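This is a predicted model, so every value here is computed, not measured.
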Amino acid sequence: MKIQIINGPNLNLLGVREPSIYGNTSIEDYITELKTVYPAIEIDYYQSNVEGELINKLHEIGFIYDGIILNAGGYTHTSVALADAIAAIKTPVVEVHISNIYAREEYRHVSLTGKNCQGVLTGFGMNGYRLAIESLLI
């Protein structure tokens, strides 16, 4: 099984960015943990701050991977193009948000991308990525 984790803008700063919201663990350390927990799954990681690069990655892997875990960051709330890219591919996508987007600023309460995903996990911290993997195993 191959799963691609895709993180959007500013998520390259996990572990140092607003630790009260996002925690102290870097994404690299967390992915290492996930690979230990799921040794039979090939887990790949990609991050970009650029919307078009995220779309290109979805197009590249969206017909060959078994699952995609997407944390589109701020693009979740603004990107029709990213939502369209998710709708255009065959691989199931699970949307993840580290913080509870419904407990934050009102503009974060809307997910343009979520309707095209298999499911949405929000507010479980970094554990949301593990829960997303579990949902793809069902």
Practice item. Might you confirm whether atom CD of Glu105 has over 12 heavy atoms from other residues, nucleotides or ligands at distances under 6.0 Å? Key: yes
Interatomic distance, [X] atom [atom1] to [Y] atom [atom2] [nearest 0.5 angstrom]:
X      : Y      : atom1 : atom2 : result
Glu33  : Ile43  : CD    : CD1   : 11.5 Å
Ile5   : Tyr30  : CD1   : OH    : 8.0 Å
Asn127 : Arg130 : CG    : CZ    : 4.0 Å
Phe124 : Leu121 : CZ    : CG    : 6.5 Å

Measure the shortest side-chain to side-chain distance between [X] and [Y] over non-hydrogen atoms and say whether it is less than 4.5 angstrom.
X      : Y     : value
Glu28  : Leu14 : no
Val16  : Leu13 : yes
Ile41  : Leu34 : no
Leu11  : Ile27 : no
Met126 : Ile98 : yes

query: Do the side chain of Thr76 and the main chain of Gly73 share a donor and acceptor less than 3.5 angstrom apart?
result: yes
Residue pairs passing the salt bridge (charged side-chain N to carboxylate O under 4.0 Å, His left out) test with at least one member in residues 69-92, sequence neighbours excluded, are none
Quick note, salt bridge (charged side-chain N to carboxylate O under 4.0 Å, His left out) partners involving residues 55-77, not counting sequence neighbours, are Lys57-Glu60
For residues 114-125, the side-chain hydrogen bond (donor to acceptor under 3.5 Å, both in side chains) pairs (sequence neighbours left out) are none
(Q) Between Tyr129 and Asn7, does the side chain to side chain donor-acceptor pair (under 3.5 Å) criterion hold? Intermediate values first, please. (A) CA-CA 11 Å; Tyr129 294 96; Asn7 273 351; 2.8 Å; yes
**OP:** Decide whether Glu95 and Ser111 meet the rule of one side-chain donor and one side-chain acceptor closer than 3.5 Å.
**Re:** yes
Just by distance, no angles: are the side chains of Asn49 and Glu51 close enough, under 3.5 Å, to form a donor-acceptor pair? no
Give a yes or no on whether Val96 and Tyr102 share a hydrophobic cluster (residues Ile, Leu, Val, Met, Phe, Trp, Tyr; joining criterion: side-chain heavy atoms under 4.5 Å apart).
no
- Assess whether side chain to side chain donor-acceptor pair (under 3.5 Å) is satisfied between Tyr38 and Glu134, documenting all intermediate values. CA-CA 10 Å; Tyr38 300 99; Glu134 288 292 325; 2.5 Å; yes
Taking all non-hydrogen atoms of both residues, which atom of [X] and which atom of [Y] are closest, and how far apart?
X      : Y      : value
Thr113 : Ala83  : CG2-N, 3.9 Å
Pro9   : Ala72  : CD-O, 3.4 Å
Ser48  : Val50  : OG-N, 3.0 Å
His109 : Ile101 : CD2-O, 3.0 Å

Between Ile3 and Asp44, is a side-chain contact (heavy atoms from CB on, under 4.5 Å) present by the stated rule, with each step listed?
CA-CA 6 Å; Ile3 295 177; Asp44 295 324; over 6 Å; no
Residues joined to Val120 in its hydrophobic cluster, side chain to side chain under 4.5 Å directly or through other members, sorted by chain and number, are none
Connected to Leu82, directly or through other members, by ILVMFWY side-chain contacts below 4.5 Å are Ile6, Tyr46, Leu54, Ile55, Leu58, Ile61, Phe63, Ile64, Tyr65, Ile68, Leu70, Tyr75, Ile86, Ile89, Val93
I'd like to know whether Leu112 forms a side-chain contact (heavy atoms from CB on, under 4.5 Å) with His77, so could you lay out the CA-CA distance, the side-chain angles of the two residues, the decisive distance to 0.1 Å, and finally the verdict. CA-CA 6 Å; Leu112 298 181; His77 320 292; 6.0 Å; no
Taken in chain and number order and not counting sequence neighbours, the residues that satisfy side-chain contact (heavy atoms from CB on, under 4.5 Å) with Asp29 are Thr25, Ser26
